[in-house]
Amino acid sequence: MLRATMSSTAPPQPTVVLGVCGSIAAYKVAVVARLLVKAGVRVMPVMTRSATKMLGAPTLAGITGNRVHVDMFDPSIAGELHVELASEADLIAVVPATAEFLSALATGRADDLLRATVLCSEGPVMVAPAMHPRMWAHAATLRNVAALRADGVEFIGPVFGEVASGEVGEGRMSEPEAIAEAILARLAQVATGAHRDFDGRQLVVTAGPTVEDLDPARYLSNRSSGKMGYAIAAAASARGAQVTLISGPVALGAPAGMNIVHVRSAREMQAALDAALGPELTRADALVMAAAVADYRPGEVHAAKMKRTGATTLELVPNPDILAGIGGRREGGKPVLVGFALETVSGDALICAARDKLNKKRVDLIVANSASDAFDGDDNRIVLVSRDDSEELPRASKRVLADQLLDRLLPLLP
Ligand code: CTP
């Protein structure tokens, strides 16, 4: 049996079957494999025939210390290889996943080792698609992605960026570090049994900055990248929640498997939230307000580009405080409200400012962070502040922090 050919004892560490499809991005899977091995994961590579044209099997064998499987019918293996692999895997990750693979999986084809292994598995299946943006945007791919998502397949990316042809768009594979991070976070959930604990829950998440136009060429905005809000939306979706992500303009790819509403200004975000939460605010179990909403907008939006006329003064008018408005209108415990507080202070002063916001906006939890930690990077340091308590979470990736925040949010849900 397969287990006997690889090791004589049961593996003490989590096992990932790492599927590789034939995309140019396949060379990056070597980094993913390396990061997983470094994190203590047992990685079992399975390559499609076309993947072997893109990346040498000995590379993955060398990195993982395990044999690379390609053939469904390997005479040196007793038993059914796809059944053995699927049974041993705590998780299957396909990196990169081509349009062809997604299509095959969406229709349940099992005509090569990787497809048959995925079809045979009972654990989580994660895919990191890579393809030309026109292929990703094609109606057939969109149909397949929707079907796979409905089947519980979890998507890591793709992201917006440059693809192999040199063109730019959504279809670039997520960076190997982000893929490894997502796989490790999911493995941790499997280990603690925390996966799918948001099944049947409705979550609304806002993310990114708002942009307040001054004239056709200029605007007021802020440095929010949207990464924290997107990480929360992706983590909640992976844990089974129905997510509506209301996003200001960001340079991040749209995560699959959720309803995304793109907005520009604070007032557009407010309108999108009104629609998502409903007049009685009862359509969501929780609202996570990670967006950096601009507090002010220009008093006048000029239809033509403003000309230089020497010294000038801008009149700014306040935007609605969206979260405080929702907190003030809420009756009962629904939706649970999570606000963010970005401050330029730290320590006790940060907790104090966060609790002040919690009381003023009538929310249940504030995620407090310092401007020096929060912007743009892939990791952050946060303090969770509730009415009577505060908890400092050590520096970690935004995805890991997102899961920790969801762990704290779950018991608060009605
Ligand atoms: N927020 C909002 N509407 C605004 C401003 C902020 O809904 N017009 C939300 C943010 O999404 C965040 C929380 O309120 O969840 C706190 O945002 P922050 O900008 O830190 O607080 P402000 O209320 O704007 O306070 P200040 O800028 O004076 O610190």
Side-chain angles (χ1 to χ4, degrees), residues 124-129 142 145-160 170 174 178 181-182 185-186 189 194-208 224-250 252-263 268-278 281-292 322-323 326 334-340 363-365 367 397-414:
V125 175
M126 305 180 88
V127 294
L142 295 178
V145 169
L148 290 171
R149 173 70 206 161
D151 289 346
V153 173
E154 298 165 26
F155 282 74
I156 309 167
V159 296
F160 187 92
E170 196 178 339
S174 294
E181 184 72 53
R186 191 69 177 88
Q189 284 175 8
H195 59 298
R196 311 305 291 184
D197 51 358
F198 274 76
D199 253 337
R201 299 296 196 171
Q202 311 278 338
L203 242 73
V204 177
V205 180
T206 66
S224 169
S225 67
K227 285 181 182 172
M228 191 69 222
Y230 273 56
I232 294 166
S237 172
R239 289 167 71 159
Q242 299 278 342
V243 178
T244 298
L245 172 62
I246 301 175
S247 172
V250 294
L252 301 172
M258 62 185 76
N259 177 27
I260 304 188
V261 184
H262 292 284
V263 298
E268 282 177 24
M269 185 167 279
Q270 186 177 38
L273 271 166
D274 285 344
L277 298 174
L281 304 177
T282 47
R283 287 194 195 141
D285 295 299
L287 164 64
V288 181
M289 197 74 193
I322 305 173
L323 186 56
I326 293 168
K334 203 172 163 183
V336 172
L337 296 177
V338 180
F340 274 64
V363 304
D364 305 290
L365 199 61
V367 181
S397 74
K398 288 181 176 173
R399 178 57 196 253
V400 167
L401 291 173
D403 271 313
Q404 291 174 340
L405 170 63
L406 292 175
D407 292 342
R408 309 305 187 277
L409 174 60
L410 189 62
L412 304 179
L413 296 182

As a quick check of understanding, evaluate side-chain contact (heavy atoms from CB on, under 4.5 Å) for V336 and L409, giving each step before the final call. CA-CA 8 Å; V336 172; L409 174 60; 3.5 Å; yes

Sorted by chain and number, sequence neighbours left out, salt bridge (charged side-chain N to carboxylate O under 4.0 Å, His left out) with E181 holds for none

Worked verdict on V204 versus L277 for side-chain contact (heavy atoms from CB on, under 4.5 Å): CA-CA 8 Å; V204 177; L277 298 174; 4.0 Å; yes

Could you walk me through whether I326 and L337 pass side-chain contact (heavy atoms from CB on, under 4.5 Å), step by step? CA-CA 9 Å; I326 293 168; L337 296 177; 3.9 Å; yes

Any heavy-atom pair between the side chains of V338 and V367 that's under 4.5 Å? yes

Please answer whether the main-chain N or O of T282 pairs with a side-chain N or O of K334 as donor and acceptor at a distance below 3.5 Å. yes

Evaluate L365 against L405 for side-chain contact (heavy atoms from CB on, under 4.5 Å), listing each step before the verdict. CA-CA 10 Å; L365 199 61; L405 170 63; 3.9 Å; yes

Would a 4.5 Å heavy-atom cut-off, applied to side chains only, mark I246 and V205 as touching? no

Under 3.5 Å, is there a donor-acceptor pair between the side chain of S237 and the main chain of V243? no

Does Q404, at its CD atom, have more than 12 non-hydrogen atoms belonging to other residues, nucleotides or ligands within less than 6.0 Å? yes

Looking just at side-chain N and O atoms, do S225 and Y230 make a donor-acceptor pair shorter than 3.5 Å? no

So do Q242 and R201 actually touch side chain to side chain, heavy atoms under 4.5 Å? no

With a 4.0 Å cut-off, would you call D199 and R239 a salt bridge? no

What distance do L203 atom CG and I232 atom CD1 have between them, rounded to the nearest 0.5 Å? 9.0 Å

With a 4.5 Å heavy-atom cut-off, do M228 and L401 have their side chains touching? yes

Would you kindly say whether T244 and R283 are connected by a side-chain donor-acceptor distance under 3.5 Å? no

Could you tell me whether the side chain of L287 reaches within less than 4.5 Å of the side chain of L273, counting heavy atoms only? yes

Is there a side-chain contact between V125 and E154, using heavy atoms and a 4.5 Å cut-off? no

Can you name the side-chain hydrogen bond (donor to acceptor under 3.5 Å, both in side chains) partners of D285, sequence neighbours left out? none

Any M269 side-chain heavy atom under 4.5 Å of T206 side chain: yes

